[in-house]
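Scroll down for the structure; my scribbles are underneath it.
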Amino acid sequence: MNDIASNKATVNRLQHVLPATLVLLLAITVTWLSYTREPSDAFLFPRLISSVMVFLAMWNFLRAFLGLAKVGDGLSAQTVVRIAPGVIVMLVLVYFAAKALGFYVASFLAFLCVFSLYDPASHTAISSWVKRLLITAAFMAVIYALFTLLLKVQTPRGLYF
Amino acid sequence: MEFLQYFGGVFEPTSFLLLLGGTMGGLILGATPGLSPTMAVALLIPFTFQLEATQGLILLGAAYTSTVAGGAVSAILLKIPGAPANIATALDGHEMARQGRGTEALHVSFLASGVGGIIGVLLLIFLTPVLARWALAFGPSHLFWMAILGVTIIGSLDSRSFVKGLLSGCLGLWLSMIGYDDIQGAQRFIFHDSLTGGVNIITALIGIFAIPQVIEMLAKGRVKHKIVAVSVAKQSLLSSLKLLSKNVKALSIGTVTGSVIGLIPGVGGQIAGLLAYDQTRKFSKDRDTFGKGNPAGVIAAESANNAMVGPSLVPLLTLSIPGSPTAAVLLGGLLIHGIFPGSDLFDNYPEVAWTFINSMLIGQVLMVIFGIWVASYAARVSQIPPPIMAAAVLVLALFGSYSVQQSMGDVYIMLALGLSMFLLEKVGFSAAPLVLGLILGPIAEANFIQGSMIANAMDGPAQYFLMGPLNIVLIALVLSSIAWSFFSSRREAEKNALLSDTVAKGGGAINDPFHDDTGAQS
C-alpha cells in the first residue's frame, strides 16, 4: 500500500517537475531575449513582464522540485493511451492533411477517424459503418453550408477538396 | 434613459433574427455537457466577421446569456450541469425531475433565470454610464494598473495554485507581445513564420477553450453512452408561475447574490450559483428539504447565475476589464470589430453599445419563452455521444481558426496552444488568466508606453506610476488580490494535507466529484 502511494507520489512529482522545467526554460529564454534584443524601447514592457515571469517560474520550479506542488492530477498512463489516437489524428489533420488533401477531405477523414476510434458500437457490423459515414457526411454538409456558402471562406483545396 | 432611443435597432430584421438564433442555439449548446459557454461563444466569433459590429455582438450576447440558462436543462434532466454555473441547479432540479416534476423544474429554472437576468442587465444599463464617466478620470498609469489588476484577480481566483495562476497570467501577457511591436516596428519573439503577425486572440481562444475539452471527451475512451434523460410530462405554466411567486425570497437572494458577484472580476457564475443556493438554504425554514427536490434551490441557483451575466459586463464595457472568462471572449469579439471598450465607448459608439445591451434585455425574455419550448429538444442534443461531439468540435475549431484571417499559421497556433493548455491544465495551470493576459496585454503595454513617455516629460516613472491616490488604491488592490490568493491557497494546502493524513491512517477514501478515476479533471 505504502509502495503504491510512494510510487504515485513520484509520478506526480515528476509530472510537475517536467512542465515546471519547460516553463522555467521558456521564462529564461523570454527574459534573455527581452534584455538583449534591440531596439531596447521595443522591449521595455517585455522586460517588466518577463522579470516577473522568471521569478514566478523559479518559484514554481522549486515547489515542483521539492515535491510541494500538489495542484493538478497529471496524466495517468491509462489516459495517455486513451487520448493518443485522437491527438495523433488532430496533429495529422492540422499539420499535414488539411493543406495536403484539402480542408473538406481531411476534415471528413478526421471526423470519421475520431468517431470510429472512440465509438463503442461494433467495428465489424456494416450497419455501424453506414451510420458513421452518414453522420460524418451530414456534419460536413453543415460545415460546407456554414463556412463556404454562408461565410464565403476560401479553404485550401490541396489535392482534392 | 439614453438606452431607450436604441431599442429600435434590436428589432431590425437581421438583428432580431440573430438574437433569436443566438438564443435558441445558445440554449441547445448550453445544454450540451462539455460545451462551456466560453467555448460556445469562442466558436461563434468567426461567424460574426461578416456581420456589422452591432449584429455580431447581439449574436454573441444572446449566446452568452442563453448558454448559461441552457445548462440547467441537462442539470435537471440528466444531473450533468451543462456549465459549471449550473452545478447548484442539479442538486434540487434533478431530484424534482425524478419525482415527476421535471417540467415544473424547467419552468421555474427559466423563469428565475429570466428575472435574474433582466435585473442583471438593468444593473448593467444604469451602472455602466456612471462608471464610464468615472473612468474618464483614468490616465495611462491607472489603465495600466487596471489591466494588471484584471490579470491578478483572475489569476488569483480562477486557479487552485496562486503561483500557477499568476504564471498563467504572465504567459498570456507574453503571448500578447509576440509579433511586430506597433511603435518601433521591431520583431519580438518570432520563433516561427506563423508567429509573424502575432497570436490572434480569436485563434487563441478557440484553441485554449475548445481543444482541451475535445481531449477531455476523448479521455473517457470507448465507453457506451448510457445517459438517459428523465422524461417530462406537460404542465401548465401558470402553476409554475405560482410556484415562483411563493419563492420570492429565494429569487431575491439569488438575484442580489448574482448581481454583486458579477461585478467582481473573475468570480464567475459557478460561485454565484453555489453561494446563492447556500444562502437560500440557510435562510429557509425547510432547510432539510434542500437537495431533495426543493424548487427554491433551483430558483436561487438559476436566478444567481443569470443575474451575474449583465454585471460581469460592467467592468468590461467601462474599464476594459472582463468580469468573467466569457466576458473576456466577448472583449475579443469587440476588438475584432475595431471597438475598444472603455470610457469613450458610449460617446464614440453609442448605437453599438446600447443596441447590444438592449438586445441582452430582450434576449432574457426570448430565453424564457424559447427555453421552455426548446428544453425537450435540448435534452436530446445533450445525449449526443462524446465521440461525435469531440469530432464536431475539432472540425469546427479547424474551420473557425482558419476563417479568422484565412491563414494556416492561425490553425497551427490554435492546435499548439490547445495541446499546451491541456497539458498545463493537468498540472494545475488555468486557462482564464492566460486568456485574460493575452487580451489585456496590448492594453497594458499601450498604456505603459504612453505613461512612460508622459513620465519622462514629467517627474519620472516612479512618481507617475506609483504615486497619486488612484494609483495607490489600484496597487493596493493588485497586492491584496495576490496576498489573498497566497493565503487562501496555503489554507487549502493545509486542509488537503490533513485530509491526506486521514486517508493514510485508514480514514477512508475521499470522494472528489471534480476528478474521475482516470485522473482527468472534469
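Lettering of chains follows the sequences in order, A, B, ..., and the numbering in each one begins at 1. Worth knowing before you read on, the calculation uses all heavy atoms, side chains too, and leaves out hydrogens, waters and symmetry mates.
With a 6.0 Å radius and a threshold of 12 heavy atoms from other residues, nucleotides or ligands, A:Arg47 has its CZ atom above the threshold. With a 6.0 Å radius and a threshold of 12 heavy atoms from other residues, nucleotides or ligands, A:Phe65 has its CZ atom at or below the threshold. Heavy atoms of other residues, nucleotides or ligands lying less than 6.0 angstrom from CD1 of A:Ile126 number 12 at most.
Neither the backbone nor the side chain of B:Tyr180 comes within less than 4.5 Å of any heavy atom of chain A. Interface residue A:Pro46: backbone and side-chain heavy atoms are both found under 4.5 Å from chain B. Neither the backbone nor the side chain of A:Leu68 has a heavy atom closer than 4.5 Å to any heavy atom of chain B. Heavy-atom distances place the side chain of B:Ser452, and not its backbone, under 4.5 Å from chain A. Interface remark: A:Tyr95 contributes backbone and side-chain atoms alike to the contact with chain B (heavy atom separation under 4.5 Å). In this structure, chain A has heavy atoms under 4.5 Å from both the backbone and the side chain of B:Glu445. Proximity to chain B is absent for every atom of A:Val80, based on heavy atoms less than 4.5 angstrom apart. In this structure, no portion of A:Leu112 lies under 4.5 Å from any heavy atom of chain B. With a 4.5 angstrom heavy-atom cutoff, A:Leu91 touches chain B via backbone and side-chain atoms both.
Considering CZ of B:Arg222 and OG of A:Ser116, their distance stands at 9.0 Å, rounded to 0.5 Å. One finds the OH atom of A:Tyr118 at 12.5 Å from the NZ atom of B:Lys220 (value rounded to the nearest 0.5 Å). Distance OG/B:Ser168 to CE/A:Met53: 11.0 Å, rounded to 0.5 Å. A distance of 12.5 Å separates CD in B:Gln406 from NZ in A:Lys152, rounded to the nearest 0.5 Å. The structure places CZ of A:Phe103 at 4.5 Å from CE of B:Met408, a figure rounded to the nearest 0.5 Å. Within the model, atoms CD of B:Gln187 and CG of A:Leu33 stand 12.0 Å from one another, a figure rounded to the nearest 0.5 Å.
With contacts defined as side-chain heavy-atom distances shorter than 4.5 Å, the pair A:Met140/B:Val395 qualifies. A 4.5 Å side-chain heavy-atom check between B:Cys170 and A:Leu56 finds at least one atom pair inside the cut-off. Side chains of B:Leu398 and A:Ser107 form a contact here, defined as non-hydrogen atoms less than 4.5 Å apart.
Chain B forms more heavy-atom pairs under 4.5 Å with one residue of A:Pro39, A:Ala20, A:Gly86 than with any other, namely A:Pro39. Interface check for chain B: of the options A:Val52, A:Thr136, A:Asp41, the most heavy-atom pairs under 4.5 Å are formed by A:Asp41. Taking chain A as the reference chain and counting heavy-atom pairs below 4.5 Å, the highest number among B:Val411, B:Ile388, B:Ile449 is found for B:Ile388. Note: B:Leu415 leads B:Leu396, B:Leu415, B:Leu419 in heavy-atom pairs under 4.5 Å with chain A. Of the listed residues (B:Leu173, B:Leu424, B:Leu394, B:Val214), the greatest number of heavy-atom pairs within a distance under 4.5 Å of chain A belongs to B:Leu394. Of the listed residues (B:Tyr402, B:Phe189, B:Phe448, B:Phe422), the one with the most heavy-atom contacts under 4.5 Å to chain A is B:Tyr402. The choice from B:Ile211, B:Leu171, B:Asp181, B:Leu167 that makes the most heavy-atom pairs within less than 4.5 Å of chain A is B:Leu167. Most heavy-atom pairs under 4.5 Å with chain B, from the set A:Phe115, A:Phe108, A:Phe111, A:Phe139: that is A:Phe111. Chain B forms more heavy-atom pairs under 4.5 Å with one residue of A:Val87, A:Val142, A:Ile143 than with any other, namely A:Ile143. In terms of heavy-atom pairs under 4.5 angstrom with chain A, the leader among B:Ser403, B:Ala390, B:Ala397 is B:Ser403.
For the pair B:Ala219 and A:Thr79, the tightest heavy-atom approach, listed with the atom from each and the gap, is CB-CG2, 3.9 Å.
With A:Asn60 as reference, B:Val163 is the one residue of B:Val427, B:Leu166, B:Val163 to meet the side chain to side chain contact (heavy atoms under 4.5 Å, CB included) rule.
Side-chain atoms of B:Tyr412 do not come within 3.5 Å of backbone N or O of A:Val94 as any donor-acceptor pair. Of the possible polar contacts, one joining the B:Arg188 side chain to the A:Ala42 backbone as a donor-acceptor pair under 3.5 Å is found.
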Walk me through whether A:Gln15 and B:Leu423 qualify under side chain to side chain contact (heavy atoms under 4.5 Å, CB included). CA-CA 10 Å; A:Gln15 290 200 358; B:Leu423 294 173; over 6 Å; no
Evaluate the criterion ring-ring contact (aromatic ring centres under 6.0 Å, His included) for residue pair B:Trp174 and A:Phe45; output intermediate values, then yes/no. CA-CA 10 Å; B:Trp174 166 66; A:Phe45 188 66; over 10 Å; no
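Between B:Phe399 and A:Phe147, the ring-plane angle classifies as tilted under the 30° and 60° cut-offs.
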